[in-house]
There are 2 protein chains.
Amino acid sequence: MHSQNLINIITDALPGLNKSESKVAQVILSDPDAATRSSIATLAKKAGVSEPSVNRFCKRFNAAGFPDFKLKLAKSLVSGIRFVNRNVDPNDDVDGYTPKIFDSTINNLALVRDKISHSRVNQVVDKLIQAKRIYFFGLGASGSVARDAENKFFRFNLPVSCHDDVLMQRMLASTGTTGDVFFIISHTGRTKEVVEVAEIARANGSAVIGLTAPKSPLADISSVTLDVEVPENTDEYMPMTSRIVHLVILDVLATGVTLRRGPEFLPHLEKIKNSLKPTRYSKDN
Amino acid sequence: MHSQNLINIITDALPGLNKSESKVAQVILSDPDAATRSSIATLAKKAGVSEPSVNRFCKRFNAAGFPDFKLKLAKSLVSGIRFVNRNVDPNDDVDGYTPKIFDSTINNLALVRDKISHSRVNQVVDKLIQAKRIYFFGLGASGSVARDAENKFFRFNLPVSCHDDVLMQRMLASTGTTGDVFFIISHTGRTKEVVEVAEIARANGSAVIGLTAPKSPLADISSVTLDVEVPENTDEYMPMTSRIVHLVILDVLATGVTLRRGPEFLPHLEKIKNSLKPTRYSKDN
DNA sequence: ACAGTTTTTGAAAGATTCCTACAAATAAGG
DNA sequence: CCTTATTTGTAGGAATCTTTCAAAAACTGT
């Protein structure tokens with residue numbers, strides 16, 4: 001469904017390209033937007049190769065020809081990574097930083113959307129459905145993600161709770177047993193307290209699901225990891241986007257659980273929704 | 001900066017087009033994706049007009065020519081049309097629902113990015129900077145948004161706090177004075193308790209910033225409203241996206257505040273970041 | 001209704017862009 | 001060092017696009 005971003009594909013293929021192909025790749029990657037606007041002749045000249053080389057390059061990446069390639073490239077650019085410096089500039093005014101922050105969030109979401117392992121998602125949904133109890137743990141910014149998850153998952157009639165207190169987390173982890181699921185959220189996956197809690201939980205036979213950075217200590221110790229690789233905060237001004245990616249992944253998981261429950265479960269969700277109606281001003285006034 | 005979707009533009013212009021132009025428009029709108037893949041000759045034939053007519057049509061919509069038009073159309077399709085009918089289907093499997101949920105979040109973010117009033121953002125940044133105290137209030141899902149905001153804004157050395165308890169909110173609102181800012185987050189803007197709290201706060205001379213739906217009771221009573229219009233949840237399975245949009249808006253506001261503080265404030269942020277280092281496993285092990 | 005004017009439209013030729021066949025050049029293998 | 005395979009470019013042809021210009025249609029006022 002979601003072909004991965006063309007730019008990523010080219011970047012990944014870079015090492016396996018031959019001389020003229022990689023010249024073409026360089027030119028395209030250095031300014032993909034310009035590439036979509038130039039003719040095959042211009043691009044060939046810029047790369048210092050012949051037109052057919054550019055054409056062959058395009059075909060290598062499953063395009064019918066150069067125009068088709070440009071089309072696909074243009075599409076990738078829309079919600080794909082904007083390579084151009086879209087970092088917040090200290091001199092930016094509202095018109096500058098507002099779209100940049102939205103864009104960077106959108107880009108990261110698109111990245112993860114194309115990279116996330118669907119089989120892992122499935123595995124996690126399985127575990128959540130079978131769980132006797134689910135604990136959502138997180139600290140700091142991930143604490144509010146955990147809280148949001150609780151708010152979402154309690155609707156499934158599962159015994160869910162959420163804790164952003166290290167001591168509570170430790171105690172609960174140590175009393176966990178087989179069938180309990182500890183869903184641990186951490187941006188870095190390197191916070192000692194959090195990793196220790198995961199260790200304790202696993203030692204007691206509980207399952208640990210890590211929503212965290214790949215190859216981190218937390219990822220290593222989890223039963224299943226949902227990898228979220230969000231580019232490091234190079235820019236002092238850019239906010240941390242991983243929280244938001246985490247939230248969306250939790251949305252995905254919740255949807256997975258709902259669908260697995262089947263349509264006979266919908267009335268239950270409806271009931272919860274309706275329970276809030278009396279607290280609201282009606283729409284027509 | 002962010003031009004509106006080409007498809008919408010064409011649809012809007014439809015009534016003002018002449019005979020052959022509208023024929024072309026019809027063909028394009030009926031299957032925009034096919035249009036991006038066909039040549040000017042094919043399209044002309046399909047529409048029953050001449051090639052130059054198609055060309056003129058393209059130029060009318062600010063394209064350099066037909067190829068350029070196709071490019072722009074293709075771009076619009078990525079974040080535009082996909083919107084339609086990308087609802088989660090009860091029979092979807094992981095490969096189905098995962099990208100859909102990411103897409104719907106991304107689309108909503110893009111929508112708000114293009115719609116949000118920059119001058120309002122500026123106003124709110126002003127108020128936040130001048131505030132004697134800032135309270136972030138929210139209930140339910142908005143409660144965790146408020147918590148996230150607290151986590152973000154306390155770094156600015158401002159007296160910030162966060163409350164997701166109605167009684168606390170009421171009491172604090174009633175003791176507020178001029179110079180206090182109550183930042184109230186609500187998806188619907190119609191929860192009675194929340195609106196009442198806003199009323200109390202305003203009655204005592206405090207400023208109320210509403211991050212909520214436009215034209216809602218909460219929006220009406222706020223000093224400044226940041227409108228977030230996220231399409232109603234028509235689909236039972238689609239998760240609520242407004243939380244995420246709210247978070248990103250708070251990121252924007254935080255960035256605004258940081259920039260307004262100027263570069264001499266960066267060391268302070270750095271200090272907070274570094275305070276967490278000892279709690280982490282280092283990256284090289 | 002009709003001549004004059006403006007607008008809309010398409011035929012045809014011209015310009016551009018793209019693709020294919022083939023041969024030269026380079027690299028790899030024995 | 002020769003053979004074979006791969007890579008690269010030249011040249012010409014094919015397709016696509018654009019412009020010009022004149023015919024057709026629509027509009028205007030008389």
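Naming: A, B, ... by sequence-line order, numbering from 1 per chain.
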Undergrad: Using 30° and 60° as the class limits, which term best fits the ring planes of A:Phe69 and A:Phe66: parallel, tilted or perpendicular?
TA: parallel

Undergrad: Measuring to OP1 and OP2 of C:dC18, would you say a side-chain N or O of A:Asn55 lies under 4.0 angstrom away?
TA: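 So the side chain of A:Asn55 is outside the cut-off, no N or O lying under 4.0 Å from OP1 or OP2 of C:dC18.
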
Undergrad: Closer to the 5' end of DNA chain D via nearest nucleotide, is it B:Ala64 or A:Pro52?
TA: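 Taking each residue's closest nucleotide, the earlier one in sequence belongs to A:Pro52.
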
Undergrad: Heavy atoms only: give me the nearest B:Thr212-B:His187 pair and the separation to one decimal.
TA: OG1-O, 4.1 Å

Undergrad: Please report the distance, rounded to the nearest Å, between CD1 in A:Ile40 and C1' in D:dG9.
TA: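 Taking atom C1' of D:dG9 as the reference, CD1 of A:Ile40 is at 13 Å.
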
Undergrad: Rounded to whole angstrom units, what separation is found between the CZ atom of A:Phe57 and the P atom of C:dT20?
TA: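 Atom-to-atom, A:Phe57 to C:dT20, this comes out as 18 Å.
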
Undergrad: Does A:Glu229, at its CD atom, have more than 12 non-hydrogen atoms belonging to other residues, nucleotides or ligands within less than 6.0 Å?
TA: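 Open: at most 12 neighbouring heavy atoms sit under 6.0 Å from CD of A:Glu229.
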
Undergrad: So A:Lys70, base contact, sugar-phosphate only, or nothing? Heavy-atom distance under 4.0 Å.
TA: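 Counting heavy atoms under 4.0 Å across all strands, the contact made by A:Lys70 is with sugar-phosphate only.
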
Undergrad: Does B:Lys19 have a side-chain nitrogen or oxygen under 4.0 Å from the phosphate oxygens OP1 or OP2 of D:dA26?
TA: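 B:Lys19 to D:dA26 OP1/OP2: side-chain N or O found under 4.0 Å.
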
Undergrad: Rounding to a whole Å, what distance do you find between A:Lys23:NZ and D:dT7:C1'?
TA: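 For the pair A:Lys23 NZ and D:dT7 C1', the rounded distance is 12 Å.
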
Undergrad: Is B:Ser50 close enough to C:dT9 that one of its side-chain N or O atoms is under 4.0 Å from OP1 or OP2 there?
TA: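 False: B:Ser50 side-chain N/O out of range (4.0 Å or more) of C:dT9 OP1/OP2.
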
Undergrad: Just the rounded figure in Å: distance from P of D:dT16 to CZ of B:Phe69.
TA: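 Rounded to whole Å, this separation is 18 Å.
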
Undergrad: What is the separation between atom CD on B:Glu51 and atom C1' on D:dT19, rounded to the nearest whole Å?
TA: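 Interatomic distance, CD of B:Glu51 to C1' of D:dT19: 12 Å.
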
Undergrad: To the nearest Å, how far apart are B:Glu21 CD and C:dT8 C1'?
TA: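 That distance rounds to 9 Å.
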
Undergrad: Given D:dG9, C:dC18, D:dC17, which nucleotide is nearest the side-chain atoms of A:Ser20?
TA: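 It is D:dG9.
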
Undergrad: Give a yes/no answer on whether the side chain of B:Lys59 brings an N or O atom under 4.0 Å of OP1 or OP2 in D:dT19.
TA: yes

Undergrad: Rounded to the Å, how far apart are B:Phe66 CZ and C:dT17 P?
TA: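 In whole Å, C:dT17 P and B:Phe66 CZ are 16 Å from each other.
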
Undergrad: Is there a donor in the side chain of A:Thr258 and an acceptor in the side chain of A:Thr255, or the other way round, less than 3.5 Å apart?
TA: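 No, no side-chain donor-acceptor contact under 3.5 Å.
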
Undergrad: NZ of A:Lys45 versus P of C:dT17: gap in Å, rounded?
TA: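 In whole Å, C:dT17 P lies 11 Å from A:Lys45 NZ.
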
Undergrad: Under 4.0 Å: is that the gap between some side-chain N or O of B:Asn18 and OP1 or OP2 of C:dT7?
TA: no

Undergrad: Between A:Ser53 and D:dG9, is there a side-chain N or O to OP1/OP2 distance below 4.0 Å?
TA: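 Yes, such a contact exists.
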
Undergrad: Compute whether any side-chain donor of one residue and acceptor of the other, for A:Arg56 and A:Asn18, lie under 3.5 angstrom apart.
TA: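 There is no such pair (donor and acceptor under 3.5 Å, judged by atom type) between the side chains of A:Arg56 and A:Asn18.
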
